Novice: 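Below are the structure tokens for one structure; questions will follow.
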Amino acid sequence: MNQPMLFVPEFALLAGVLLLFACTALGASQRTTWLVSTLSALAVVVACLWGLGLDGEPFFPGIYRVDAFSQLFKLGVAVALALCVLISQQSASMRSLSRVDAHFFFFMSALGMMMLASATELLTLYIALELSAYGLYILAALHRHERIGGESAAKYILFGAAASAVSLYGISMIFGAAHSTYVAAVASSPMSPMLLFGIVLTLAGLLFKLAAFPVHAWAPDAYQGAPHEGAAFLGSASKVAAVAVLLRVLSLAGADAEQLQTMLLVISVASMTLGNLAAMVQKDFKRLLGFSAVAHAGYLLIGLAVLSPLGAASAIFYVLTYVPIILCAFIVVSAVSKHGRNPAIADLAGLYKRSPLLALVLLVAMFGLAGIPPTPGLAGKWFLFSAAIDAGFLWLVLVAAVNATVSLYYYLRVVKEAYLTPPEGYEDIRLSPAFTMASVFAMLLVFFTGFYPGPVFQLAKEAAIALGL
Amino acid sequence: MSDMPILSIILLAPLVAFLITVVLPEAQTQLIKIINAVAGLTTLVLALVVWASYDKDLGGYQMIEDVPWVPDFGIHYTVAVDGISVVLTMLTAIVFLTGVLSMWTLEKRVKEYFAFMGLLVFGVFGVFISLDIFVFFFFYEVAVLPMYPLIAIWGSTRKEYSAMKLTIFLMVGSALLFPGLIALFVESGGHTWNLVALSQAGTFSESTQIFIYPFLYIGFGILAGMWPFHSWSPTGHVAAPTAVSMLHAGVLMKLGAFGILRIAIGVLPLGAAYWAPTFAVLATIGIVYGAFVAMRQTDFKYVIGFSSVSHMGIVLLGLNTLGVDGVNGAVFQMFAHGIMTALFFSAVGFIYDQTHDRDIRHFGGLVGQIPVATSFFILAALCGMGVPGFASFWAELLVFIEAIRVFPVLGMVAIVGLVFTAAYVLRVLGLAIFGPKNSDWDELVEPTPFLSIPRIMLIAVLLFFGFVPSLMVDMISSATHIFSAAGASL
Amino acid sequence: MTLEAYLLLALLLFSMGLYAVLARHNLIAILIGVELMLNAANINFLAFNYFLHLDPAMAQIIVLFVIGLAAAEAAIALAIILKLYRKHQSIDVDAMRELRG
Amino acid sequence: MSHSTLGLICLLAPLTAFFTALVGFRNNHRAAMATVLLSGLASALCALLLLAQHSPQPELVTRSWIHAGGVDIYFGLLLDGKTLIMGAVVAVITLCIQTYSLNYMATDPGRGRFFAFLALFEWAMLCFVYSPSLMQTFVFWELVGLASFFLIGFWYSKPSAVAAAKKAFIMTRIGDVGLFIGLILLFQSTHTLDILRLNATHFETTRIELITLLLFVGIVGKSAQFPLHTWLPDAMEGPTPVSALLHSATMVAAGVFLFARFHNLFMQAELTLTIVLCIATFTAVLSSTMAMVAKDMKRVLAYSSISQLGFMLMGLGAGSLFAGYFHLVTHAVFKALLFLCAGAYIHHYETNDIIAIGRAGGRKLRIVTAGLVIGGAALAGLPPLAGFFSKELIIGSLGHGHPRIFVIGALLASFMTAYYTFRMIFLVTRPNADSEASPDQEAPDHEADDHHAEGSLLPTHAPIVLLTLGAIGLGFLGDSIARLLGQSAHHPALAEMAPAIGVACFGVLLAWLDFGRSAAAQNGFVSRMPAVRRLFEQGWYLDALYKKLFVGLAQAIAGLLFGLENRGFDGGADGIASGTRAAGRTAAKAQTGRLQLYIGTSILLFAAAALYIGLGASR
């Protein structure tokens with residue numbers, strides 16, 4: 001394969017970035033920008049689909065790997081990106097001045113995420129991590145109702161910067177212990193306390209991206225404070241990228257780090273329990289999703305902690321199928337939101353009457369998050385739990401399953417609000433074609449993967465094998 | 001006929017009805033009802049075809065369809081029927097059709113109602129015919145969750161609380177099933193989810209079986225209304241609308257018992273043998289407990305709800321005997337109880353729809369006011385008491401015969417429970433159906449012939465298998481004769 | 001000086017940065033603390049590179065990149081802090097307690 | 001016609017009639033009644049034909065019902081002496097009562113339903129009688145109970161009738177449980193439920209004693225023996241033909257019939273037989289005492305039924321199949337007669353009170369009164385009526401090798417039977433002139449007469465006459481019945497009979513002194529002892545005791561479990577739920593909003609983890 005061809009998905013994305021930059025610079029209208037951005041995102045999806053089979057190292061050896069693993073994650077990011085820009089036509093929750101710029105930041109951040117999936121060198125990884133984060137920091141700050149937007153963004157960036165500093169400090173120790181920043185070299189170097197020390201500290205920054213305990217506190221705030229589309233991107237693409245990079249880094253920790261596994265298991269249990277419990281009492285729908293994201297980080301960490309090929313494949317499957325599900329939720333958030341305000345759970349009242357399609361989308365999202373078939377949530381949990389039991393962690397599965405039960409309580413509360421409460425005092429919602437399209441597309445993805453998880457799992461498994469586990 | 005994927009067609013019929021219902025505009029209520037009735041009729045006809053074409057002498061799993069689903073994880077879409085599945089598929093089809101017909105007068109949010117119901121039935125069919133653990137669980141969850149909106153939207157009496165309670169209880173059951181079911185796969189070497197392959201003797205060591213079995217038994221048992229995890233069931237019954245109660249008690253609770261039989265006992269016979277005495281005690285407590293609590297209830301549906309706890313106790317006791325007659329009886333009881341409870345709820349629902357009252361003390365002498373409608377209730381009550389001539393008599397007989405053999409004391413206690421069953425059933429009859437009439441309800445009207453159809457169908461089935469039980473027992477025992485060998489070796 | 005001394009220096013710098021992050025009330029001071037932490041990592045890189053006799057370009061490239069990234073990060077953070085200041089008329093971290101629970 | 005065809009007609013005619021009458025002719029009483037009557041006629045004819053054509057060997061017609069696993073259940077007909085006699089008795093008496101009901105129920109709005117359930121009862125009873133297997137016996141035993149439930153509770157708007165029906169069903173159900181367990185144990189011991197084969201089986205002692213005791217529990221329930229006898233008097237809440245048919249002549253006899261059916265088994269169990277004798281004797285005496293003070297005509301007859309059933313069981317328990325069985329047959333006839341007569345009075349005078357009937361001029365219904373006297377005499381065991389022969393045989397069989405206490409008990413009961421029977425007869429036929437009877441009371445009499453003159457009296461009188469003839473003549477058929485049963489008829493010597501005749505005559509005499517003679521105060525010797533009278537009137541307070549003890553206990557347990565359900569299970573689940581929500585609130589509080597706290601905790605935890613892991617690896 002021709003070397004530059006390996007970079008096609010990134011090129012497509014880069015082209016999108018440049019186009020959008022041009023739009024911003026030339027003062028294009030909001031509608032034009034949206035069209036350009038949507039078409040570019042579509043092109044990126046196509047490029048990623050085309051690029052699924054690519055394999056090779058485009059630049060210097062050992063720095064940037066294009067393989068089944070990276071390409072699958074790029075596809076995930078691209079799909080998330082496409083859906084997010086598709087619903088950003090109005091962006092009622094953003095300041096009107098930023099609505100054009102937001103698309104640029106989407107693409108920038110997505111570029112960083114795609115590179116994260118391929119990075120096999122720690123500096124590259126760090127740069128990609130930061131690149132992906134900057135766009136998100138800015139997006140998080142664009143909420144029209146700035147009071148919470150400013151606070152959440154400030155907390156997000158300062159917390160993120162501190163975490164990334166810790167990460168970098170960790171990377172410096174890995175560098176010192178392994179004498180190299182290449183993942184392959186680190187993986188083959190002898191295990192030393194300093195190396196492990198470095199790995200743990202590096203993980204701090206990466207777990208921050210996943211919103212796992214104890215670096216989860218930004219998530220509910222940022223979900224709540226970011227404009228809806230930004231939060232959607234934060235909740236979907238960022239999660240994908242986080243899993244990608246965590247899998248890369250953990251695969252270099254090797255198999256003999258039993259304590260590392262213990263730590264990840266503790267983090268997993270703490271994340272899911274804390275996230276689910278706190279989500280139960282939330283009133284703001286987006287904040288609820290933020291806490292639920294913490295809980296899902298916990299589920300994902302099961303696969304990451306087990307770190308068997310099956311565990312990795314399950315985590316990949318889970319996070320990829322999680323994308324359309326969480327986007328379903330944010331589509332509803334965005335569509336229900338009035339004048340860009342954050343919808344409380346009570347604002348979902350009577351959705352079945354106000355917009356049956358949205359109600360269905362919400363139902364799919366909630367069932368998906370709760371792991372109820374025919375959404376892929378069940379298959380995802382099933383695979384993750386299989387990996388855990390395969391590794392001998394029956395108790396973990398029990399804890400996770402009880403957690404899933406708790407989570408059902410608040411997901412059903414949302415469903416109840418949408419389907420039971422009469423729509424008094426709320427007017428009907430007219431969906432724009434873009435929203436209808438996004439809804440249908442996201443639901444199709446959910447149902448396809450739910451009814452027929454085979455192909456995606458196959459891709460996930462190939463990705464896990466490509467990871468070298 | 002043999003190369004037609006008849007099981008998949010049965011499975012897909014409610015799904016197709018679901019999809020059409022979702023697509024149709026909300027105002028087309030009549031069309032939606034007709035489509036669902038057609039789907040119900042289709043499944044019933046096909047279930048009859050399956051019944052007729054199942055070769056009882058050959059036994060085992062027949063009409064197998066096998067398609068890789070998640071090949072990288074050994075998951076196959078494998079469906080097949082044995083004698084037990086045939087019976088339960090038939091039960092589901094009957095309850096589906098009669099459930100649709102019972103809700104013919106529904107006017108509130110018709111489209112969504114039938115959509116959820118179609119989804120639920122789809123899941124139930126899937127459970128009864130699947131042979132792959134993942135597929136089984138997939139359908140199991142599909143069947144359980146629509147109960148939430150069905151009860152919460154169309155129910156009555158603390159409907160949201162009940163719906164949530166029911167769902168959470170069942171999810172706790174699932175929480176136990178997750179580790180239990182997956183452990184089967186892992187412990188067997190991680191190659192297959194196929195139930196037949198996993199059932200091979202020697203797949204699991206005895207200690208493994210003993211460890212995993214309670215996860216599965218309790219996990220499924222919660223859905224089967226197993227004492228002491230039963231309290232979701234009466235609450236749910238009371239809150240649910242008629243057809244949902246019918247499906248809930250008629251079919252859904254059977255999923256739990258079926259899961260115990262097919263997976264817990266089928267795959268882990270040694271574990272079952274180890275735990276059987278313990279769980280038989282719980283089942284017996286359930287029988288007597290349900291009857292006693294039913295004696296104090298004042299709501300029609302609570303009485304029926306606790307009678308379900310009691311009757312499902314009989315099913316569970318039968319399963320725990322691990323003997324061929326006990327299991328035959330248990331499966332027969334699943335069927336009979338399914339039809340009977342559907343009839344019960346259908347009859348009560350008819351009365352409730354007119355009166356919006358279910359307190360038995362507010363009624364009296366109903367039989368004089370609406371003799372036809374109450375006669376449905378009386379017949380269901382007789383069946384509930386295990387009166388001969390109704391299907392449940394034979395079911396209970398078989399269970400008790402085996403129970404006395406295996407657990408003499410428990411068996412006797414369970415039989416003594418029959419007295420209390422009679423007591424609470426007659427209490428309801430005496431208070432509400434007979435006795436001095438309450439002239440508040442003089443204006444009650446009889447069901448139209450069309451509305452009587454589903455009830456008459458259910459009665460006909462009960463009487464038919466009450467008079468010709470051999471048809472049923474032959475079918476069931478074509479699957480359980482394998483069981484007897486297993487039982488003997490224990 | 002030995003490697004250990006440099007590492008200790010870096011650790012000290014990191015701790016000072018961390019102290020600033022945790023103890024200062026001013027958001028900009030917190031940001032500066034983060035910069036200190038990043039520079040601690042930079043010292044680590046250079047020290048390791050020097051004492052372990054690795055390819056001399058490696059750590060320099062890393063450090064240059066990190067400085068660039070830190071600057072970009074600081075720019076974004078300052079922008080956000082500025083925005084916050086406009087709304088709240090304060091950049092005290094204790095004033096940012098609306099999002100909780 | 002072959003025997004199987006006859007048998008099938010005999011069994012299926014009532015079933016068909018039941019469904020036709022109940023469902024088909026729901027709104028057409030005439031057609032329903034006609035159908036049922038026709039089916040009754042057909043059954044009676046077939047049963048009689050079968051009896052006439054009996055062969056010495058038992059015949060078996062069966063069809064498999066369930067065959068699976070270890071269970072093989074079949075249905076069919078067993079034609080031997082016991083079943084043929086009983087079948088004929090049941091069919092004929094049912095026919096008589098159906099005919100009688102034509103008048104009795106003529107104006108009842110639910111008469112179609114009434115006849116339908118009569119047909120259901122007949123079907124169940126005949127299938128029970130002709131049953132070749134214990135399984136079938138049990139099935140129809142239950143169905144007989146069910147039919148009886150519906151017939152007792154026929155006037156469903158009367159709370160007392162509903163309560164009586166419920167009581168009857170539950171109390172017999174208690175017995176059924178015993179029978180059911182016994183059946184299952186029997187099946188497990190022998191792997192068959194075939195009656196002929198069971199009777200030919202020899203058992204190990206303890207096992208058969210357990211099994212027969214359980215079977216006897218069922219008999220106690222169904223045949224209303226102490227301590228489960230209290231439902232029978234209440235069952236008189238049903239229409240009188242029902243009482244005649246079910247609760248005196250046939251249904252309650254089912255228990256005794258079952259005993260006779262398994263006589264061979266019971267004979268193997270010494271202990272059971274002793275218990276049977278004790279209970280039967282005690283019941284006979286106990287219920288006779290209650291009959292002596294009862295004022296309700298139907299209640300008197302009901303108590304007498306209980307005591308006569310006790311007599312039958314005494315005979316059977318004493319080892320004489322023939323004695324018990326013979327009494328079963330004769331009792332069925334004369335008790336049905338007595339009830340029909342009672343029904344005629346009650347229907348005519350619209351009261352159940354014996355004294356009121358007498359004062360209203362009961363003896364004016366001549367045919368009825370004749371029937372009452374003859375039936376009563378038969379009941380009292382006066383020669384040469386039917387009851388005399390059978391009762392003599394029972395007392396005679398008790399005399400052989402059994403403790404004297406049983407004979408004394410039997411004689412005591414026999415004496416009381418004669419006393420209370422003639423008390424009733426005298427109260428009806430010789431009303432006290434000094435009583436408060438005023439000429440006005442004649443008036444409703446005439447009205448009633450006119451009222452009934454509209455319909456023919458034939459349906460009322462024909463059965464009475466027929467049964468009167470039976471009560472007179474049946475006693476002389478003892479030998480043929482014995483032959484059919486395969487037993488030798490034992491004719492007790494006069495010396496043996498003397499005490500029994502003596503006590504019976506003494507009883508009649510005493511009744512004459514207390515009630516019959518013109519100067520009598522019509523206040524029995526029992527009534528002169530108020531404490532005893534109250535005791536007897538209240539049925540020895542057993543009903544109250546049961547109500548307090550068992551019903552109260554059951555309700556207490558139910559209440560306890562009800563509370564457990566609500567507070568324990570429901571409350572527990574709700575408690576867990578609210579606990580989780582509280583945990584949720586606490587967890588949400590951990591999100592303090594303090595950025596520095598977030599960062600500090602995170603870095604602290606990660607540093608700790610790094611140290612733990614790093615140092616752990618170096619160890």
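The sequence lines fix the lettering, A, B, ..., with proteins before strands; numbering per chain opens at 1. Computed over heavy atoms, backbone and side chain alike; hydrogens, waters and symmetry mates excluded. A quick note: this is a predicted structure, and the numbers were derived from the prediction, not measured.
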Novice: I need the minimum non-hydrogen distance between L84(C) and G150(A), along with the two atoms involved.
Specialist: CD1-C, 3.3 Å
Novice: Rounded to the nearest 0.5 Å, what separation is found between the CG atom of D55(C) and the NE2 atom of H179(A)?
Specialist: 14.0 Å
Novice: Just give me the residue among Y126(A), Y134(A), Y156(A) that pairs up with chain C most often, heavy atom to heavy atom, under 4.5 Å.
Specialist: Y134(A)
Novice: Can you name the nearest heavy-atom pair linking A165(A) to L38(C), along with the distance?
Specialist: CA-CD2, 3.7 Å
Novice: When only pairs under 4.5 Å are counted, which of N44(C), L18(C), L36(C) shares the most heavy-atom pairs with chain A?
Specialist: N44(C)
Novice: Given the options T181(A), L158(A), V166(A), which has more heavy-atom pairs under 4.5 Å with chain C than any of the others?
Specialist: L158(A)
Novice: Quick check for you: to the nearest 0.5 Å, what is the distance between I80(C) atom CD1 and I138(A) atom CD1?
Specialist: 7.0 Å
Novice: Counting only non-hydrogen atoms closer than 4.5 Å, does A153(A) touch chain C with its backbone (N, CA, C, O), its side chain (CB onward), both, or neither?
Specialist: both
Novice: Examine whether an atom of L123(A) lies under 4.5 Å from a heavy atom of chain C, and if so say whether it belongs to the side chain, the backbone or both; otherwise answer neither.
Specialist: side chain
Novice: With a 3.5 Å distance limit and no angle check, can you tell me whether E151(A) reaches the backbone of E98(C) through a side-chain donor-acceptor pair?
Specialist: yes
Novice: In terms of the angle between their ring planes, are F175(A) and F48(C) parallel, tilted or perpendicular, with boundaries placed at 30° and 60°?
Specialist: perpendicular
Novice: Please look at N39(C) and chain A and tell me whether the side chain, the backbone, both or neither of the residue comes under 4.5 angstrom of a heavy atom of that chain.
Specialist: neither
Novice: Quick check on I171(A) against chain C: is it the side chain, the backbone, both or neither that has a heavy atom closer than 4.5 Å?
Specialist: both
Novice: I need the minimum non-hydrogen distance between S172(A) and A41(C), along with the two atoms involved.
Specialist: CB-O, 3.7 Å
Novice: CD1/I30(C) to CD1/I157(A) distance, rounded to the nearest 0.5 angstrom?
Specialist: 12.5 Å
Novice: I need the residue from V281(A), I127(A), L122(A), I148(A) with the largest number of non-hydrogen atom pairs under 4.5 Å to chain C.
Specialist: I127(A)
Novice: Determine the minimum heavy-atom distance between S164(A) and E73(C), stating which atoms define it.
Specialist: OG-OE2, 4.0 Å
Novice: Looking at M37(C), R86(C), E35(C), M96(C), which has the largest count of heavy-atom pairs under 4.5 Å with chain A?
Specialist: M96(C)
Novice: Counting N and O atoms only, with roles assigned by atom type, does the side chain of K87(C) sit under 3.5 Å from a partner on the main chain of G149(A), one being a donor and the other an acceptor?
Specialist: no
Novice: Grab the two heavy atoms, one from R95(A) and one from K83(C), that are nearest each other, plus how far apart they are.
Specialist: NE-NZ, 4.4 Å
Novice: For F65(C), is the CZ atom crowded, meaning more than 12 foreign heavy atoms sit under 6.0 Å from it?
Specialist: no
Novice: Which answer fits V93(C), side chain, backbone, both or neither, if we ask what part of it has an atom under 4.5 Å from a heavy atom of chain A?
Specialist: neither
Novice: Atom CE in M173(A), atom CG in L11(C): separation rounded to 0.5 Å?
Specialist: 8.0 Å
Novice: Using every non-hydrogen atom in the two residues, find where L52(C) and G176(A) come nearest and quote the distance to one decimal.
Specialist: CD1-O, 3.5 Å
